[in-house]
Structure formats: C-alpha cells, structure tokens
Protein chains: 2
Amino acid sequence: MTFGHDATGLRSETVRRANLSAIVTELHLHGGLTRSELVARTGLTRGAIRGLIRELTAAELVAEQPSRQRGVPGRPSPVVLPRGDRAVVLALEIAVDSLAAAIVGLGGEVQRLVRTDRPRGHLEPDAIVDDLRRLARPLLAQVGADDLLIGAGMAVVGVVRSDDGLVHTAPNLGWTDVPLAGMVARALGVRAPVVVANEADLGGLAEHRRGAARGFDDVLYISGEVGVGGGIIAGGRPLAGASGYAGEVGHLPVNPAGTRCRCGSTGCWETEVGERAILARARANLRGGGRAMDRVLEDAAAGSPAAVDALRITGEWLGIGLAGLVNVLNPRLVVLGGLIGRIHPFVAGEVERAIATRTLSPARRDLRVVPAALGIDAPLLGAAEHAFEPLLADPATWVSPQDRALQLRSA
Amino acid sequence: MTFGHDATGLRSETVRRANLSAIVTELHLHGGLTRSELVARTGLTRGAIRGLIRELTAAELVAEQPSRQRGVPGRPSPVVLPRGDRAVVLALEIAVDSLAAAIVGLGGEVQRLVRTDRPRGHLEPDAIVDDLRRLARPLLAQVGADDLLIGAGMAVVGVVRSDDGLVHTAPNLGWTDVPLAGMVARALGVRAPVVVANEADLGGLAEHRRGAARGFDDVLYISGEVGVGGGIIAGGRPLAGASGYAGEVGHLPVNPAGTRCRCGSTGCWETEVGERAILARARANLRGGGRAMDRVLEDAAAGSPAAVDALRITGEWLGIGLAGLVNVLNPRLVVLGGLIGRIHPFVAGEVERAIATRTLSPARRDLRVVPAALGIDAPLLGAAEHAFEPLLADPATWVSPQDRALQLRSA
DNA sequence: CGGGTTTGTGTTCCTTTTGACCAAATGCTG
DNA sequence: CAGCATTTGGTCAAAAGGAACACAAACCCG
C-alpha cells in the first residue's frame, strides 16, 4: 500500500515551479551536478533544464562552472553549483546543556558554527532567547545585505507545535506554552520566517539528508539526551502527525510495573533507557549529568562489571522499545543518536537479540541498526534543513519576476 | 515539520494527468459533483474542467446529468457522476472466520457482496483460493465485456509484502510465504492486476475514505479479531513502511512481565487485548471463538460482574497501548474496529483515563477515540479502494488516445 | 416579463516543455 | 595532428494545456 494524491488542480505555471523545485532540491542534496546529470535525474529535456538553470543563475541561487570531469568523450557539461555563499539560513539550537547557532548555505555547507555550554536546569525563556541573540548576532552580521537569508530554523528539547512554533512543554527547561518562534524572530530582528521544531525530529531529518540515513526512505531516528526522543521519516518525508507532536517515543509504555516517569505516567521507555536510568543502574551520581555519564562509559570501556551490567540491562530495554517501534513503523534503518548512539557499541548485541525475538521476521529481515553519523550537531543541521524547506519547495518565490523580464528582454 | 517533495521533473503532459486524477479522485470520494463544484474544489477554470470532463465522458468513466439542485439563482450546473456501472473492481477478503467477495463501482457503490462462513483453523492456500474463486465467479460473470475491470483488491489476515502481494505469515491460517496475489490472479483468470494487503491496513483505508475517519488526515485504526492489527493514515495517506509491514501493533511490547505470545515474544499488546485474553479473563471457553465472545459481550451488557471486570481490565491494557501509539504517531482520530470496536462501549472510560495519564497533553487535546463505522465489511471495502488506486492516480491510462483524437476531430 | 446571477461555450492568448537541427568541445585512433 | 565518434549546449518552431475574456444560456425573483 503505497499511494496517495493531492487532489488539487495544476496549472502550467505549477509545472515550472515543480521543476525549479526539483532542480534546487537535487542541487541542495548533492552539492553540485552537471547539467546533463540534472537531465538524467529529473527526466526533463536539455532545453528545459537550460531555461530553468538560466533563471536560477539570474536569481543568484546557482552558478555554473566549467566542467571538472575529464576523460570522457563528448562535449563537457558545465557543473551547476548551489550558491551556498548567497543563499543561507540561520540555524539555532537549545539543547540540554548547550546553545548553538550556525550559518548554513544552500547545498548544506556550514559556513560558521558556534556552540556554548549552558548550565542545566530551568531558565526563563527571555534569558535563553537573549543568549541566543548574542550568539547569533556576529553570525548574522556576516550575512551581506544582498545575500538571501531564506529563514531561520530552530531545534528545541521540547514538544513543539508545528503550526506556529509554540513550545508546549520542555521539561528540561521548565517551560510551558512558550511562543518561541515569535520571540526569537523579534529578538533577532530578522524578517525571514523562523521555524521551530523538536530536536529529535530535526536530528532525524539531518541524518536522513546528510548523515547515516542518506538514501533511506523509511527511517527511525532515536535520540537520547536526558530524555528520549524520536524522529520518523516515512516514505521519504518526516512524519509530523496531526500537530507536529509525532515521534515522542520517550513515553512509549514498556513497563507498566516500572518506575514513575516525570510525565506522570509509569514505565515509560525513557524511565528505562534515559540518562537517569543508566546512571542509577551504574550507581553513579544522579546529579552528575553529562560528566557522570562520561564516567560510566569510560568505566564500561575499561570493563568495569557495574558499568557493563548497567549498559547491558539498558540495552535490553532499548531493544524492547525498538522492537515495538519497528513493528509499528517498519523502517529500513534505525539510527541511534545522542546518548543512545554513544552506548550503542556496548548494547548492540542486546538490541539485536531483542529485535530478533520481538519483531515480525519480515520486518526485521532488511533492517539495520546503526549509530548516527552527524554527532552532536545533528539537530542544528536539521534546523537548517527545516529552514531551507520553503526554498526547496518553491524556488519561484525567490526567482523575482524582474529577473525573468530582464532575461527575456535580453534574449 | 510538514513537508517533503518528490524531486522529479514534470512535463506538460503531467499536468493533464494530474488534473484528470484530481477530478476522478474527487468524484470517487464524493460520489457526484456539479461541474461548478469541481471548479471550486480543484481550482481549475471552467474551461479546463469542461475539456477534462469531456474526455472522461468519452472514456465512459463519468456521465453528466441535468442538475438536480433547484432553488438557487443562476444557470444550473450539470451533475457529473462517476460511472460505477462501467468502471468496477473486484474486492476479496480472507477473514478469520469468513470469506467475502464484492463488486464495487467507481464512486464506492457496492454492486454485489457475498460473504460465507469459514471454519477457523488452518487450511491450505489452494483450498481457500478455490473457495474464493467459486465465490467470485458469479460476481465476475456480471461484469460485462465492455465494462472496465480496473483491478482486484484483496484483504488478508496476515503480514503482506506490498511489492508483490506475498503473504509472509498468516498465523490464523497457518500460512508462510504464500504468493497469494499471483495464485488468485491465475485462479480467477482476470488480466486486471491483483493487489493484496493486510486486513487492518485496508480497514483503516476504508474508514478513512468512507467511514468514521472521513476528512481526517492523521488516523490510527485498530482492528481486533483473534489478533490485533493496525492501519495508519499519516498526512492523508496510508503509512506503509519500508515493505508494507507497518501497522503491526499487535506485537507492541506492553507488558514484559506478561504472558507468552504466539509470535514467540512476551507481553505483546495482543496477549492483553486479543480475543483470547478477553475470554480468559471472563473465564469463558477459550475454544469457543466468536460465539464465546458474543456471550461475554451479552453478559457484560446484562451486568455480569465477571464479564464487566474482564472488559474493564482489557480496557486498561487497550488504553496503555493506545497511549504509546498516540505519543508516537500523534493522530487526530483513533478508530476502533472489529472486536475492539465492539467492546468500546464497555471500555471507553478506561481508555480515556489511560490516554489522559499516559500521553503528552498537547497530543491528546484534539484527539478523539471513536468506534468504526463500516463494521465487518471495512477490510473488503478497503480492498476495493486499494484496487481503484491506479485509476485514481492516473486516469489517463484508461482514457484512450483514440477517444481524444476522435473528440478533437468532431470539434 | 425583465433584471440579476450563475454557469456553460468558444476564442484567443500565454506559459512551458518538447523535438529537431546544428554547433561546440572533448576523447580516441591511426 | 587530422579525422571521427560522442556527448552536450544553443536556437527556434511546434505542441500541449490552461487562463482570461466575452458571450450566451438557464435559472430565480419581484
């Protein structure tokens, strides 16, 4: 069962929009392709590609360079490059114990990236937004007035409504109903749209576009920080749910006889595989945060029985939750990020075993479980991808009518 | 996060295909619309609609009737009706204790439907396919040689690979790796394509298109028979997963301390809310099957403490599993079908309570849990919808070039 | 019966892609 | 180094399809 259509009428202008979108998306994802490669990938004719590239060049979204590729017969095809120097986004992140900002260009190149430590614990929204402003200001100053700031994307450790970027709850920050998108837009003074989404959702998006899940259409990304979050790619696109809250795997009930969760429920997955659960099993300092966790991992690597045992039990619970999710979502790839990615080497066996005994055999046959490739910056990069989305979906908005008129006159 | 594009070039011909698809899909889902309603729904101009309708009329996929609607000023707009008498599909179903077949016309009208009891227990694929052939033969005989048999769709209680209709496992039938689509195609001797999918997936599709979930884009359908299955609609389209195995919610681990499941795992959701679990709690005859279950429901309705208690406990487990799925998928609507739908009146309170304590508040705010509307025929109707899919996606295949040429000559 | 309103019909125009032909740029071969 | 094969870009006419406009038809209402 793979289908579904949008029952909306198309106009011939729509075709151009869709084709521009196809080209810009290909270039953004692959970083640079020859015209003839674009012909092959999009299925369009050379003539059509030529016209579209000309428009994108006029809009300064792409640039052409003489071919690099040598050694093949035939006239060389010029390379079309996304202009990451002209079309950029601002990416922001509020993580558990850091804040980050980056300027990312079309094509995915990270121009600048800054990250600062943040004390754990609750902090007023205004204070954090102000910190972000200070972090982002020098980066924004670097963006020229002529450059195209497509938008700003933001990753937050919290439950975010997709419509308007309202942070509904963020237990790690002590936030409830914070209209973050609007606050950040005002603080930065940028006119470009600000989009906010959950950290794990964006981490999954980044791993899908540029990390371990590249090329896979059905992916489950699990991100462990203090809590546990998930990002789902289904059929090549992020699974948002009705209001953008999908992927909250941390509160999957796996152990009704278990311990109380901070969400009010009992036996949530997070209570078994979250940071606190691991520290408790390893009899480490529960308030030690990241440092204590580093210690546990070092001990486990050194063979300490307490640490190894703590991770082994955690791995079993990790596998139980994953098995359920695999049965429900049938992904081709599971990507483990954050803390869960770090413990992966120690728990791979337990996870494999749990999946082997608890999932339907066909669903597990082609399944692979791998650690994340992008590390700590995954959510930040995902925020950039999120911010680029309007441009990829409809570049025509940025291809000004003046450009087209000018170009037609000169032709 | 709501986006995603298909990075494929569009040709000008694609526009016509897409617009034909939009019209046929609208008509199939709504059963009959005036031209002006089609203009409003598709966003196309009157002229464009006229040309497309003319083509579809020539292909005998639709027909126009003088307007029925009276009492409004202005020229009356003719009603365009899907020709359910000419374009039809064959729907088949292998349920736990019945077989069914139906002829369904474009627009969703059920022309004929037959269902026969089937003894529970294992039965050879060949035997069942033969029974289906006998069931379907008189129905197919009714389809005229000039009529368009778009395809055949089939619902099976089992895990089905979407690519080729291979039934990977069907515990209720004792099947493993049965190439059902091909077997049925040969047995029926039809040239139209045969598509096979899981019963719960198709039940969910049917409820989405024509039942309780009409108009909702994010839906979780839960179907209880002997086991428990699920069908997921995400963003308006069925969630298939990598190979079509998504939605196997029956084996979600909810109670690691629970009883052994026939899948080999322990504490699967199915072991707590499946038919067997209910019968066991009500101390009813475990081998009594459907009859015994009817008895339990009657007793509960009459107020028997044992039955009421059995259902109450079942309701708690039902709520626990649902809460997890709601957190992961963030649906707007949960539809309970089959056995789960029948016990819904008795367990609504427990389910609401479990969801209230175990899901994130924003995800539950706009959530509704309702019983299914289509009853026992939901999977069969879903199979019909599945079979219609190629026609809805690209009606141009059925609009022959001759028709177009002929019509242009006459114009 | 005439005005107001809505919608079908036909014509012309616009947009966008296609396809065919030629020119250009490269590798390969003798 | 000349010539050929190959691949690709450039140009222009043609085709396809929808949009826009003007007009006619069919209905309601007073």
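Small disclaimer: the values here were computed from a predicted structure and weren't measured.
- Residue A/Ser36 has a polar side-chain atom (N or O) positioned under 4.0 Å from OP1 or OP2 of D/dT8.
- Atom-to-atom, CZ of B/Arg35 to P of D/dA26 comes out at 13 Å; the value is rounded to the nearest Å.
- Overall, the helix from C/dC1-D/dG30 to C/dG30-D/dC1 carries an axis bend of 10° between its ends, with five pairs at each end and the value rounded to 10°.
- Taking side-chain N and O atoms only, A/Arg16 has no distance below 4.0 Å to OP1 or OP2 of D/dG17.
- Dashed line: the shortest gap from a side-chain N or O of B/Arg50 to OP1 or OP2 of C/dG10 is under 4.0 Å.
- Scored by the side-chain contact (heavy atoms from CB on, under 4.5 Å) test, B/Arg50 finds B/Arg35, B/Arg54 as partners (sequence neighbours excluded).
- To the nearest angstrom, P of C/dC22 lies 16 Å from CZ of A/Arg75.
- In the set D/dA19, C/dG8, C/dT18, the nucleotide with an atom closest to the side chain of A/Ala48 is C/dT18.
- Protein atom CZ of A/Arg54 is 11 Å distant from nucleotide atom C1' of D/dG9, rounded to whole Å.
- Residues satisfying the ring pair (Phe, Tyr, Trp, His ring centres under 6.0 Å) criterion with B/His208, sequence neighbours excluded, are absent altogether.
- Between B/Asn19 and the phosphate of D/dG17, there is no side-chain N or O to OP1/OP2 separation shorter than 4.0 Å.
- Looking only at side-chain heavy atoms (C-beta outward), A/Val62 and A/Ile23 stay at 4.5 Å or farther from each other.
- Each of B/Arg46 and B/Gly74 has a nearest nucleotide on DNA chain D; the 5'-most of these lies closest to B/Arg46.
- A 4.5 Å side-chain heavy-atom check between A/Leu27 and A/Leu33 finds at least one atom pair inside the cut-off.
- Distance CG (B/Leu33) to C1' (C/dT7): 16 Å, rounded to an integer number of Å.
- Residue B/Ser77 places no side-chain N or O under 4.0 Å from the OP1 or OP2 atom of C/dT7.
- Rounded to whole angstrom, the span from the CD1 atom of B/Ile49 across to the C1' atom of D/dG17 amounts to 13 Å.
- Atom CG in A/Leu38 sits about 12 Å away from atom P in D/dT8, given to the nearest Å.
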